[in-house]
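Structure record follows, encoded as structure tokens.
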Amino acid sequence: MEIKPPQLTDYQKAIVYSDARFTITEASTKSGKTYSHIIWLFMKAHEKGIDHDGRSYWWCAPIYNQAKIAFDRFRRYLSAAGIYRFNETHLVIYCPNGAKIYFKSAEKPDNLYGEDVYAAVFDEAPRAKEATWFALRSTLTATEAPCKLIGNFGGQSNWVHLLKEKAGSDTTYQYFKITCWDAIREGIITEKEVLQAKRDLPEKVFKALYEAEASEDEGQLIGYAAIKKLFEEQELKIEKRYITADIARFGKDSTVIMVWNGFTVIYVKALQASSIDQCVEAIKSIQRLHDVDIHNVIVDQDGLGAGAKDYLKCRGFVNGSRAVKIKGKEENFANLKTQCYWKLAEMINDELIRVRCSPEVEKSLSQELEWVRLPREIDTSKITILSKDKIKEYLGRSPDYSDALMMRMWFVLKPNYARYAVR
């Protein structure tokens with residue numbers, strides 16, 4: 001069987017014929033990224049001089065429906081040949097040389113562990129969890145197989161965007177950025193259509209989808225530049241110290257303890273699967289080490305946190321409690337947590353907060369702060385933010401670091417809170 005590759009643009013050829021084992025492509029919508037990667041995976045499954053019998057080739061997408069879209073496109077291209085078989089239930093294409101091309105959903109990372117996978121495409125990777133990449137990368141180890149990751153720009157702290165940094169120092173990786181203007185030059189889309197899209201769409205949406213550039217979501221409360229600035233070094237003056245602690249409520253959540261010097265986080269400790277006793281002892285030890293007054297210690301009072309508060313006799317933070325009155329007036333926030341996140345966003349955007357932490361914590365916290373957003377449906381009478389469960393769906397974990405950071409705002413909103421003896 002002889003295979004004749006179709007006509008490709010210059011940038012498609014650069015990606016398809018790259019010598020790098022892993023390529024990361026952030027590209028404009030409708031720039032031909034899916035088509036070129038279909039061609040690449042097809043060519044890998046029909047490479048000359050190789051016995052393909054029993055070999056698997058994977059196309060992965062964040063959800064089943066996206067995987068099926070690619071499967072249907074593949075099927076339309078190959079049906080006319082009359083020598084391919086298709087399993088529409090399990091989304092598998094059986095090639096005449098014995099190779100099998102699978103179309104898989106990345107919704108459950110555990111389903112991406114397998115054997116005999118000799119090439120893979122991770123479609124719309126920025127919309128999937130990082131854990132799915134870990135699973136896929138592990139599967140490719142046995143065969144040392146190549147993989148291509150593609151998608152629109154997913155955010156400054158998105159794991160795919162951060163993965164491109166490897167391309168700067170590791171020849172195993174290569175990064176490509178394809179904009180709508182590149183696609184216009186190659187004749188993939190027309191300038192008229194792009195200019196119309198620019199008029200029709202909000203600037204932020206257009207920049208992300210068509211120019212593969214950083215642009216905050218419409219409801220995003222904290223800007224990318226401000227998040228980056230958060231971790232810059234700044235001269236430290238001795239100020240009043242505080243401890244904020246987000247106590248784990250579920251098995252996979254972490255207990256995060258932060259020590260503050262004024263508005264600078266100077267120490268971060270995360271505890272995995274900790275009991276109330278372990279949390280209390282850790283907070284007490286950190287409190288003594290950093291000389292923090294117990295009245296400047298606050299823990300979230302939901303779930304196990306209530307027990308920790310009782311043991312420590314410190315401040316308690318109730319996420320769903322009523323928003324604090326400011327100068328005697330009620331503010332239109334649905335609850336205290338929303339009010340504190342709103343204040344946190346304001347202070348981070350004004351560059352009033354700094355965080356000193358490890359690169360791992362910086363990465364996690366940046367991702368979480370990027371998801372401090374208003375929901376799509378906004379009730380201006382009672383402002384809310386995106387729920388913790390929604391953020392967990394995207395990140396694959398709880399936003400424990402940002403919650404601990406947010407709780408510092410309680411002391412800003414209640415600066416004179418105390419018990420006084422009046423004579």
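Position 1 is the first residue of the sequence; numbering continues from there.
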Q: With K104 as the cation and W59 as the aromatic partner, state whether NZ or CZ is under 6.0 Å from the six-membered ring centre and within 45° of the axis.
A: no

Q. Looking at F263, does the NZ or CZ of R408 lie under 6.0 angstrom from its six-membered ring centre and within 45 degrees of the ring axis?
A.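 So R408 does make the cation-pi contact.
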
Lys/Arg N to Asp/Glu carboxylate O, [X] vs [Y], below 4.0 Å:
X: R75; Y: E88; value: yes
X: K33; Y: D123; value: no
X: E233; Y: R356; value: yes
X: K229; Y: E232; value: yes
X: K363; Y: E130; value: yes

Would you check if the distance from the ring center of [X] to the ring center of [Y] is below 6.0 Å?
X: W40; Y: Y57; answer: no
X: F103; Y: F74; answer: yes
X: Y94; Y: F86; answer: no

Q) Does OH in Y35 sit with more than 12 non-hydrogen atoms of other residues, nucleotides or ligands closer than 6.0 Å? A) yes

Q.
Would you say that more than 12 heavy atoms from the other residues, nucleotides or ligands in this model lie under 6.0 Å from the CG of D291, or not?
A.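 Counting neighbours around CG of D291, 12 or fewer heavy atoms of other residues, nucleotides or ligands fall under 6.0 Å, so no.
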
Over all atoms of both residues, closest heavy-atom pair of [X] and [Y]:
X: Q66; Y: A61; answer: CB-CB, 3.7 Å
X: W159; Y: A125; answer: CZ2-O, 3.4 Å
X: D182; Y: Y11; answer: O-CE2, 3.7 Å
X: I189; Y: K30; answer: CG2-O, 3.4 Å

**Q.** Separation of C60 SG from F122 CZ (nearest 0.5 Å)
**A.** 6.5 Å

Q) Who passes salt bridge (Lys or Arg N to Asp or Glu O under 4.0 Å) against K68, sequence neighbours left out? A)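 Per chain and number, K68 pairs via salt bridge (Lys or Arg N to Asp or Glu O under 4.0 Å) with D72.
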
Q. Yes or no on ring-ring contact (aromatic ring centres under 6.0 Å, His included) for W133 and F22, after CA distance, side-chain angles and deciding distance?
A. CA-CA 12 Å; W133 165 240; F22 303 113; 5.7 Å; yes

**Q.** Q278 (side chain) donor-acceptor with S275 (main chain) under 3.5 angstrom
**A.**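 The answer is yes, because a donor-acceptor pair under 3.5 Å joins these two groups.
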
Q: Kindly indicate, with the supporting measurements, whether the criterion side chain to side chain donor-acceptor pair (under 3.5 Å) is fulfilled by N152 and Y210.
A: CA-CA 8 Å; N152 298 121; Y210 284 82; over 6 Å; no

Do [X] and [Y] have a side chain donor and acceptor closer than 3.5 Å?
X: D200; Y: Q196; answer: yes
X: R397; Y: Q367; answer: yes
X: T25; Y: Y175; answer: no

